Amino acid sequence: MEALLMFPALFLLIFLGFPVAFSLMSVAFVFGVMTFDLAAFFQFTQKIEDVATNFVLAAVPLFVFMGAMLERSGIAESLFDAVHLWTRRLPGGLAVGTVVMCIIFAASTGVIGATETVVGLLAIPAMMRFNYRNSLISGTICAGGSLGTIIPPSVVVVVLGPIANVSIGDLMVGMIIPGLILSALYVLYILAYCLIDKDAGPRVPPSADDPDLATKLAITLKALLPPMLMIVAVLGSIMGGIAAPTEAAALGALGSILLTLLYRRFTLATFGEALVKTLTVTSMIMLILLAGSLFTGVFAATGGMMVMTDLLNSVNLGPWGMIFLFLGMVFIAGFFLEWISILLIFVPLFMPFVNSAGFDPLWFSMLILIMIQTSYLTPPMAPAIFYLRGIAPPEMTLQQMYWGVVPFILLQVVVMVVVMLFPETVTWLPDQLLGFK
Amino acid sequence: MRSIVKAIERVTTNIGYVTALIVLPLALATVYDVFARYVLLEPTIWAFELGYTLTGAHFLLGAAITLQRGGHIRIDLIYAKLPPRWRAGIDLVCYLFLLLPFLVLLTDTLANYAWQAIQSGERTGQSAWNPPIWPLRVMISSSFALLGLQVVAEIIKSAAVLIGRPLDLDGDGAGDLPAEMSDHPLYREQEL
Amino acid sequence: AERSFRMATGWAGGPLMEIGAKAFAKNVAELSNGRLEVQVFPGGTLGPALKVSETVQQGIADMGHTWPGYDWGADPTAVLFGGYAGSFDTEHMLHWLYRGGGNELWAEWRKEKFNLVAMPLFIRTAEAFLHSRKPVRTLEDLKGLKLRTAGAWLEISKEMGAAPVTTPGGEVYTALERGTIDATEWGTLYEDIAPGFYRVTKYVIIPGVHQPTAPFELVINPKVWDSLSAGDQEIIRQAAFVTTMNSWLTIGQEDAKALAFYREQGNEVIELAPEVQYKAHELGIKWAEGQAKDNPWFAKVLKSQEAFADLWKDAHRYRNVKTQDTE
Ligand code: NA
Ligand code: NA
């Protein structure tokens, strides 16, 4: 039972303002030593080596560096200026552009954190310059950045598939429609919000000295084309099967250096700043990941999972009642656990119930997946917000971030309901696209 | 006290600057592997293991400079509204009684683990390259030692604030890239 | 239960979990009339999935279910117990382990090199060789094939002309779907249904020359083991034995059904030409002989396996009646 005390302890430290990664480590330390004495340190050692040797994570520093390089050199700024030339008449045009960029990145890499930091580094300065509201900016970046979970490929699915005994392929294809519905809702929400509240994402009124079409095209060609070409080349090489995500990220990192040279924006200072920014952002993200895995290890080993099993066995709410209970548990767990822990701890407990009640495991997995995506945005353990803090300017406050993500969490609930009512949104496409029959 | 903190932070930042460069060999090795696969029609046997080792080294060795710059995220809804001495108090207690003991014991365990690997010659067993595992373990234990060192600096800084005599260190040590960056020989500005 | 054990595993789910670790837990509970209980933890919860033996060694878990081959970095002898390109088939392996002195060597080796109590728990039949986007039959087809694998097979497949790559487990499916790699090996036919490779690769290539068999193992912390009565130790031995034999029977049947399933799904099943099968075995043996040169434990175990193979060399003649189907 003492395993459950780990959560209040974690809350206390986090809300006192002790850094998140260190709070997780400290709680794991105290409870680990209480249960296993110094043997706990061998568990820590193993977990650390596990995280430190995970090659999939190499995409994080590489993509962050690409973003930082384009940002520091000012290329990102000109890129978004060019986008804005076309979307300035649209309410919240830059935010819409950002979501679109997130979708493209999410479709290319399955690594969470990479999408958000790279797009965030590019888009935040631009949106701030055009006086977008901070809460809208942060909501857009956080929600858009976490699309990586539900738009294939997704690292989450690769972990979930074997646990739920559902084909990774069916999951990857099954999430396309829900993922697109969610993205579309994001765009519609931004448009509607900015249409109603004119100051949230201001559009520029037409004026006499608006550039004519030819000038616009020329500016766009110069500012937009080369970086877009690079991004398309990087992402295209993943989608076209030429390079794995990690490899494409490496291409992007080197490509961004070439691009700054091409625009004559390369200075050693810019380069050094981008390198150090990459280091601190990556280290922040990975240390939370690592500390989360220490925390989960101790939680599991001190009997946390047994407590959960007993809890589940003691209730009986009927099939749909159980589905809601499961999703509710994941939602609440999402407040303080990271996704790997949630999958490892809960899904093995749920699946026997789901299967014996006759629900489609693919459909249920999709509901879990949507819930996991929501968990990125739910405080206090909201990875999306941590990543944003690592790259956002100081004038963007935590409060603005928390409020900014609320509407997007509601949209995720909407998609959840749609998928619940219409399982075909998940099950139809895999049968159409996959296999050799 | 001030000179101790300055000495520690000089170590942390200098190692940090070198660590920041690790992204480059990581990118180069990974891109070379793609090149080897398509052009030389023979993928390297070393890119994968070198890749994860560099990734691990990058973020682990970077943890200390990230702390020095205040880069490890806090939920500061309450913290930000507290007076400086309260904040220093929270930091002092948590660093001194939780994180530092953790890091000391952890570093000790990790160092022993690395030492065993040096003696046994154990290999990674991850690929055909199969290099000895001790360099990885030496790197991991050193990074936690370095993080522990920076925590000591943080403890001294918090204690100084708490007794009402905050240390005057050049550079704010937090937030974005400080000016000192561009003065560092590694990154001295040069127009190309 | 009177006594409860924490068991670390390397698996998140699937047959290794269901008919391996969990079946063992159930057998222990039944044989002890509920006195002994084994709590099974998914891979990655107590310690890393690939480091179960260390997790048990250090006492974080009381026992573990793992594959000996994961420890080949610490000592390559591990692959002789876990199976490699030069191994016998599963039936021979079972005989060597339980009647030919294999288990005794295994236990002695684990005790001496890792300070663990060990015995077989779960055994696989030959794996599927590849799930491939391209047809592969001959050595020529293997030339330049971008296949994903891990461990010692990387080296050997390269010698056979393939271009093996180490793709992290998490990227394999996407890499296959998008054609970054041509093919992957994974588990047996039955186990490979769940990851769903058959949805994105047309060809199922058999048999698994890189892994003709794969015994898995139960490792137990020696302090925990010594604290058990002789009777309880025997219960654990029996539970492990029953689980192992059952896994062999179940996978045998399920593999047969899986092959039919792949065909129904529109996959084409291709059998490797004899030249590939001979070559893989030959290179496997050559690799093992190289390892034995400077590793006394490796040499000792290899010698025992060679002696067994020699004793059994005529077995296929007196055990297997030829019919037109086997020709
Ligand atoms: Na994705
Ligand atoms: Na959350």
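We use all heavy atoms of the structure for the numbers below, so side chains are in, but hydrogens, waters and symmetry mates are not. These figures come from a predicted structure and were not determined experimentally. Lettering of chains follows the sequences in order, A, B, ..., and the numbering in each one begins at 1.
Of the atoms belonging to A:Phe41, heavy atoms from both backbone and side chain fall under 4.5 Å from chain B. Contacts between A:Leu289 and chain B at a heavy-atom distance below 4.5 Å are absent for every atom of the residue. In this structure, chain A has a heavy atom under 4.5 Å from the side chain of B:Leu136, while its backbone stays farther away. If you measure heavy-atom distances from B:Phe144 to chain A, the contacts under 4.5 Å come from the side chain alone. The part of B:Asp33 that comes within reach of chain A is its side chain, from C-beta onward, which places non-hydrogen atoms under 4.5 angstrom from that chain. At a 4.5 Å heavy-atom cutoff, the contact between B:Ile133 and chain A is made by side-chain atoms alone. For B:Val34, the part lying under 4.5 angstrom from a heavy atom of chain A is the side chain only. The part of B:Arg137 that comes within reach of chain A is its side chain, from C-beta onward, which places non-hydrogen atoms under 4.5 angstrom from that chain. Interface remark: B:Leu106 contributes backbone and side-chain atoms alike to the contact with chain A (heavy atom separation under 4.5 Å). Only the side chain of A:Leu38 comes within contact range of chain B, with heavy atoms under 4.5 Å apart. With a 4.5 Å cut-off on non-hydrogen atoms, B:Leu103 does not touch chain A at all.
Taking A:Ala58, A:Ala253, A:Ser23, A:Ala40 one by one and counting their heavy-atom pairs under 4.5 Å with chain B, the maximum is reached by A:Ala58. Comparing B:Tyr113, B:Tyr79, B:Tyr52 by heavy-atom pairs within less than 4.5 Å of chain A, the highest count is held by B:Tyr52. Counting heavy-atom pairs closer than 4.5 Å to chain B, the top-ranked of the candidates A:Val33, A:Val27, A:Ile48, A:Ile257 is A:Ile48. Heavy-atom pairs under 4.5 Å with chain A peak, among B:Ile90, B:Leu99, B:Ile65, at B:Leu99. Listed options A:Ser26, A:Ala21, A:Gly32 were ranked by heavy-atom pairs under 4.5 angstrom with chain B; first place goes to A:Ser26. Per-residue counts of heavy-atom pairs under 4.5 Å with chain B were compared for A:Ile385, A:Ile288, A:Leu287; the largest is that of A:Leu287. In terms of heavy-atom pairs under 4.5 Å with chain A, the best-connected choice from B:Gly56, B:Cys94, B:Ala57 is B:Cys94. Between chain B and the residues A:Leu254, A:Thr397, A:Thr278, A:Thr53, the largest count of heavy-atom pairs under 4.5 Å involves A:Thr53. With chain B as partner, the option from A:Glu49, A:Met25, A:Gln399 having the largest number of non-hydrogen pairs under 4.5 angstrom is A:Glu49. Ranking B:Leu105, B:Leu60, B:Leu82 against chain A, the residue ahead of the rest is B:Leu105, based on heavy-atom pairs under 4.5 Å. For the set B:Ile78, B:Leu110, B:Ile140, B:Leu77, the count of heavy-atom pairs under 4.5 angstrom toward chain A peaks at B:Leu77.
The nearest pair of heavy atoms linking B:Val31 to A:Leu251 is CG2-N, 3.7 Å. Across all non-hydrogen atoms, the minimal contact from B:Leu24 to A:Leu275 is CG-CD2, 4.5 Å. Taking both residues in full, the closest heavy atoms of A:Phe386 and B:Ile75 are given as CE2-CD1, 3.5 Å, listed atom of the first, atom of the second, then distance. Summarising the geometry of B:Ala27 relative to A:Leu62, their closest heavy-atom pair is CB-CD2, 3.8 Å, with the distance given to 0.1 Å. Smallest separation of non-hydrogen atoms from A:Pro61 and B:Leu26: CG-CD2, 4.2 Å. Minimum heavy-atom separation, B:His72 to A:Ser283: CE1-O, 4.2 Å.
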Verify side-chain contact (heavy atoms from CB on, under 4.5 Å) between B:Thr66 and A:Val281, making sure each step is shown before the conclusion. CA-CA 8 Å; B:Thr66 306; A:Val281 170; over 6 Å; no
Show, in sequence, the C-alpha distance, side-chain angles and deciding distance for A:Leu13 and B:Leu98, and conclude whether the side-chain contact (heavy atoms from CB on, under 4.5 Å) test is met. CA-CA 11 Å; A:Leu13 288 179; B:Leu98 291 173; 4.0 Å; yes
Test B:Gln68 against A:Thr280 for side-chain contact (heavy atoms from CB on, under 4.5 Å), laying out the working first. CA-CA 10 Å; B:Gln68 192 259 334; A:Thr280 55; over 6 Å; no
Go through the steps for A:Phe22 and B:Val151 under the test side-chain contact (heavy atoms from CB on, under 4.5 Å), then give the verdict. CA-CA 11 Å; A:Phe22 300 152; B:Val151 168; 5.6 Å; no
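Going from atom OG1 of A:Thr282 over to atom NE2 of B:His58 covers 5.0 Å, rounded to the nearest 0.5 Å. The structure places CG of A:Leu279 at 11.5 Å from CZ of B:Phe59, a figure rounded to the nearest 0.5 Å. In this structure, CG on A:Leu388 lies 9.0 Å from CD1 on B:Ile73, to the nearest 0.5 angstrom.
Proximity of the aromatic rings of A:Phe29 and B:Phe102 is defined here by a centroid distance below 6.0 angstrom, and this criterion is met.
By the 30° and 60° cut-offs, the orientation of the rings of B:Tyr95 relative to A:Phe18 is perpendicular.
Put simply, the side chain of B:Arg74 gets close to the backbone of A:Gly17: a donor and an acceptor are under 3.5 Å apart.
With a 4.5 Å cut-off on side-chain heavy atoms, A:Phe44 and B:Thr109 do not count as touching.
Applying the 6.0 Å contact sphere to CH2 of B:Trp86 captures no more than 12 heavy atoms from other residues, nucleotides or ligands. At most 12 heavy atoms of other shown residues, nucleotides or ligands fall within 6.0 angstrom of atom CH2 in A:Trp403.
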